[in-house]
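We name chains A, B, ... by the order of the sequence lines, and we start the count at 1 in each one. These numbers were taken from a predicted model, which means no experiment stands behind them.
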Amino acid sequence: MTFDFLNELNDSQRAAVEYCDGAQLVIAGAGSGKTRVLTYKIAFLMENGYSPASIMALTFTNKAAREMKSRIASLVGEKRARYLMMGTFHSIFSRMLRRESDTIGYTKNFTIYDSADSKNLIKTIIKELKLSDKEYKPAVVHSRISFAKNNLITADVYAQNLQYLKFDSAIKMPLISDIYKFYSARCRQADAMDFDDLLLNSNILFKKSPEILQKYQQFFRYILVDEYQDTNFAQYMIVKKLAENHEHICVVGDDSQSIYSFRGANIDNILQFRNNYKDAKIFKLEQNYRSTQNIVNAANSLIAKNKDRIEKTVFSEKEKGNRVKIISVHTDLEEGTFVANNIKDLHRTQNIDYENIAVLYRTNAQSRVLEEAMRKAAIPYRIYGGLSFYQRKEIKDVIAYCRIICNQNDEEALKRIINFPVRGIGDTTIEKISQCAVTHNTTMWEVINDMLKYNLPVNAGTAAKLAKFRDLILSFAQQVESENAYNIVNQTVIQTELITDTYSAPTPENMSRRENIEEFVKAVHEFCEQKAQEGVDNVILSDFLSEIALITDQDENINDKNAKITLMTVHAAKGLEFGVVFIVGMEEELFPSAYSYSDPKQLEEERRLFYVALTRAEEQCFVSYAKSRFRNGQTNFSNPSRFIKDIDIQYVDLPKEDNYNKNMFIKTDWATERENFDSFKHPQMPVFQKDKTTVKNKFTRVKYDVLQVDTVPIETDYKAGIFVKHEVFGIGKVIGSTRENGNEKVEIDFGEKGKKTLLLKFAKLQILK
DNA sequence: GTAAGAAAAATTTTT
DNA sequence: TTTTTCTTAC
């Protein structure tokens with residue numbers, strides 16, 4: 001086969017595809033054919049001697065992986081594309097972890113906790129530690145633990161890291177370190193990993209077993225990463241390790257579209273790529289094939305106001321196009337009417353299809369008013385967001401049964417279904433079991449399994465109920481290795497009375513619950529059938545579970561062929577394009593979100609978010625703001641977003657008729673904001689030690705490799721808890737130790753003399769044994 | 001142990 | 001406003 005397809009690429013795209021000699025960063029501006037480059041490059045590699053199985057392509061969503069795979073299949077054929085190692089970081093490395101699970105002390109059937117499970121477990125631990133969940137907000141604790149894991153900080157390391165502990169004290173949660181420790185222990189006891197563990201443990205595995213690392217290094221000869229701007233440190237490190245020997249790595253992304261830092265994504269990964277891979281070649285895709293010149297220019301002028309970015313000149317050779325229309329309305333209701341009227345107009349007079357129109361907003365809460373307006377105007381619409389199939393209560397219940405059948409130590413699953421459907425095992429009993437498990441350092445299941453041994457203080461009636469529950473689960477568990485997954489699930493929903501429960505009353509809710517459960521059972525059936533066709537003779541339940549644990553499918557209504565307009569958050573719109581885009585709610589405190597005000601970095605991320613929104617539009621873009629908005633139960637006055645005036649005035653049509661004026665904008669302009677940016681100390685966890693020497697290309701060099709994946713990265717004699725003697729301050733207790741620019745600092749509590757942070761090389765400390 | 005009513009909170013969320 | 005969590009009465 002010849003490389004005909006190379007002719008379909010422009011010069012810079014082709015250059016990016018053809019360069020295969022080493023580390024490569026492809027900066028792909030919005031609409032510049034990023035996916036095209038990735039797919040063609042993979043095809044190109046396959047034509048040049050790389051076997052499909054030796055190519056690893058990492059994406060951020062299952063959907064992206066699926067789409068890319070099918071596009072490659074159309075280039076090189078289904079058969080060859082099938083063996084590509086393509087998927088999300090989480091799915092690919094969870095499979096690896098199952099294979100190598102003994103090395104890190106898990107079974108191959110470990111459970112994957114979703115975010116809700118994680119949060120529940122954290123809540124339980126907070127309660128057990130007798131802390132108030134007013135002060136210790138589970139969501140905040142979870143995000144701290146998640147952040148730590150994404151930066152490869154294990155619980156032990158966390159407890160030794162002064163900077164982390166200080167931060168926690170500052171936000172009045174000094175014991176997060178302890179919660180983290182218990183949380184990790186409990187996950188391990190339950191044979192469970194959370195999402196972040198999949199990445200963290202992959203790193204630990206590589207660290208722990210150089211042989212295993214080597215095996216994968218030799219196997220994967222080319223690694224490609226999509227959406228690189230949204231990767232975190234743990235992901236960076238996995239790729240870094242795997243590609244260590246050959247550095248045959250290609251990362252593709254757009255720093256201007258990094259919008260997921262709140263999930264641990266680290267924009268420095270892309271900004272610092274050339275410092276982390278010394279021989280890296282940078283390719284820039286700057287021609288935008290999606291939008292009109294005016295939209296591209298407007299977006300460029302907006303993003304130019306950001307400080308943290310890689311210089312690039314995105315341009316369009318399409319027609320000039322219309323200006324971005326800024327619309328001022330009085331209320332959120334009026335905004336809805338305006339959007340609806342315009343859509344009708346576009347549809348009728350300009351013949352624009354509904355599916356080519358999208359309304360984008362910052363928060364899901366805004367969808368209601370818009371939905372109402374569309375309904376009134378009889379415009380067909382589709383809302384993205386909300387609950388996915390696998391997050392529905394009844395589905396989570398069925399899955400919880402499946403999980404406990406496969407792994408009885410799965411505590412979160414147990415707690416979910418031990419009294420659902422109600423079987424008279426109430427909170428008090430569960431509390432007793434939990435207490436009992438903690439005191440005997442075992443799992444709740446063990447306690448239920450042998451109530452006498454652990455002296456569970458319950459009456460005979462309760463004991464009988466518990467025994468009945470145990471036997472129910474065990475009866476399935478015994479068959480789980482031999483019986484077909486479909487049969488087990490089918491029997492489970494019947495025998496646990498999950499499905500009978502929906503017959504209790506003929507309400508629409510019950511009907512819908514029943515339909516969902518039936519659909520789930522059908523999905524299991526289809527999974528078994530499909531695997532059978534692939535030659536697997538018996539599909540067991542744990543196979544199915546590990547398949548669905550990482551699915552959070554967004555694209556359900558795929559069958560819905562009717563033309564509809566799209567309502568979604570800006571985040572959800574990433575990667576999509578529409579002829580006409582309405583961006584609504586462009587107001588201070590909403591977009592940018594008030595939560596971002598305190599941190600210039602977050603403000604820049606909000607601006608990138610607006611950039612993403614603008615660049616979704618191909619032909620026409622409307623941006624609206626309301627002077628008052630109903631929010632959180634009350635009507636508030638609002639000012640137009642500062643981002644509106646960040647767009648160069650020549651690319652916008654400002655509202656003419658009403659009193660639009662510059663005084664409406666808040667006083668801080670972007671120049672001041674940029675000054676703030678420089679002086680601002682970020683209230684984030686310090687992760688990397690930056691040395692301040694500036695290298696050629698204005699980026700500060702980051703020493704990633706300082707950080708070790710190990711239990712104790714800081715080799716210190718001054719561990720927390722030991723006692724030391726100081727010439728002046730006397731005897732004190734070590735709180736912790738950190739290293740800064742190679743100097744070790746020790747923080748010590750000298751009791752009456754107070755807490756001191758001392759530089760080790762100056763302070764003459766004597767360790768007391 | 002459960003269910004109803006009061007009080008409190010309220011981003012974005014690819015895994 | 002809605003949604004989630006807490007309290008209180010059965």
Using the test ring pair (Phe, Tyr, Trp, His ring centres under 6.0 Å), find all partners of A:Phe520 that sit at least two apart in sequence or belong to another chain.
-> A:Phe544
Is the shortest side-chain N to carboxylate O distance from A:Arg631 to A:Asp332 below 4.0 Å?
-> no
Mind checking what makes side-chain hydrogen bond (donor to acceptor under 3.5 Å, both in side chains) contact with A:Asn150, not counting sequence neighbours?
-> A:Asp196
Salt-bridge criterion met for A:Arg629 and A:Glu335 (N-O under 4.0 Å) = yes
Candidate nucleotides B:dT11, B:dG1, B:dT12, ranked by approach to the side chain of A:Thr428 - the nearest = B:dG1
Select base, sugar-phosphate, or nothing to describe what A:Phe89 touches, counting heavy atoms under 4.0 Å on all strands.
-> nothing
Please state how far atom CZ in A:Phe262 lies from atom C1' in B:dT12, giving the value in whole angstrom units.
-> 4 Å
Please state how far atom CD in A:Glu606 lies from atom C1' in B:dT13, giving the value in whole angstrom units.
-> 14 Å
Applying side chain to side chain contact (heavy atoms under 4.5 Å, CB included), name anything that partners A:Ala467, two or more places apart in sequence or on another chain.
-> A:Met451, A:Arg470
Could you list the residues that satisfy side chain to side chain contact (heavy atoms under 4.5 Å, CB included) with A:Ala190, not counting sequence neighbours?
-> A:Tyr113, A:Ala192
Between A:Leu198 and A:Lys137, who's closer to the 5' end of DNA chain B by nearest nucleotide?
-> A:Lys137
Pairs flagged by salt bridge (Lys or Arg N to Asp or Glu O under 4.0 Å) wherever residues 366-375 of chain A is involved - sequence neighbours left out | A:Glu372-A:Arg375
Which part of the nucleic acid does A:Ser596 contact within heavy-atom distance under 4.0 Å: base, sugar-phosphate only, or nothing?
-> nothing
Round to a whole Å and report the spacing from OH of A:Tyr611 to C1' of B:dT12.
-> 20 Å
Taking CD1 from A:Ile259 and P from B:dT12, how many angstroms apart are they, rounded to a whole number?
-> 13 Å
Contacts of type ring pair (Phe, Tyr, Trp, His ring centres under 6.0 Å), residue A:Phe630, not counting sequence neighbours | none
A:Lys119 has an atom NZ; how far is it from atom P of B:dT13, in whole Å?
-> 13 Å
Want to settle it: does A:Ser115 or A:Ser593 sit nearer the 5' end of DNA chain B, counting the closest nucleotide to each?
-> A:Ser593
How close or far is atom P of B:dT11 from atom CZ of A:Arg608, stated in whole angstroms?
-> 21 Å
Sidechain N-carboxylate O distance under 4.0 Å for A:Arg416, A:Asp117 | no
Rounded to whole Å, the NE2-P distance (A:His142 to B:dT13) equals 16 Å
A:Tyr595 stacking on B:dT11: centroids under 5.5 Å, ring planes under 30°?
-> yes
What's the CG-P distance between A:Asp196 and B:dT13, to the nearest Å?
-> 18 Å
Could I get a table of every N or O pair under 3.5 Å where one atom is in the protein and the other is in nucleotides 2-6 of chain B?
from  : atom 1 : to       : atom 2 : distance (Å)
B:dT2 : OP2    : A:Asn419 : ND2    : 3.4

Whole-angstrom distance between C:dT4 and B:dT13, as gauged at atom P = 15 Å
Please, what dot-bracket string fits DNA chain B when only Watson-Crick and G-U pairs with both distances under 3.5 Å count, crossing ones use [ ] and pairs to another strand use |?
-> ||||||||||.....
List for me each residue that meets ring pair (Phe, Tyr, Trp, His ring centres under 6.0 Å) alongside A:Phe582, sequence neighbours excluded, and say none if there are none.
-> A:Phe622
Contacts of type ring pair (Phe, Tyr, Trp, His ring centres under 6.0 Å), residue A:Tyr260, not counting sequence neighbours | A:Phe262, A:His571
Examine B:dT11: is either OP1 or OP2 under 4.0 Å from a nitrogen or oxygen in the side chain of A:Thr569? Give yes or no.
-> no
Counting primed atoms, P, OP1 and OP2 as sugar-phosphate and everything else as base, the B/S/- map of nucleotides 1-6 of chain C against protein heavy atoms under 4.0 Å is BSS-SS
Set of side chain to side chain contact (heavy atoms under 4.5 Å, CB included) partners for A:Ser258, sequence neighbours left out = A:Gln229, A:Asp230, A:Ile267, A:Arg608
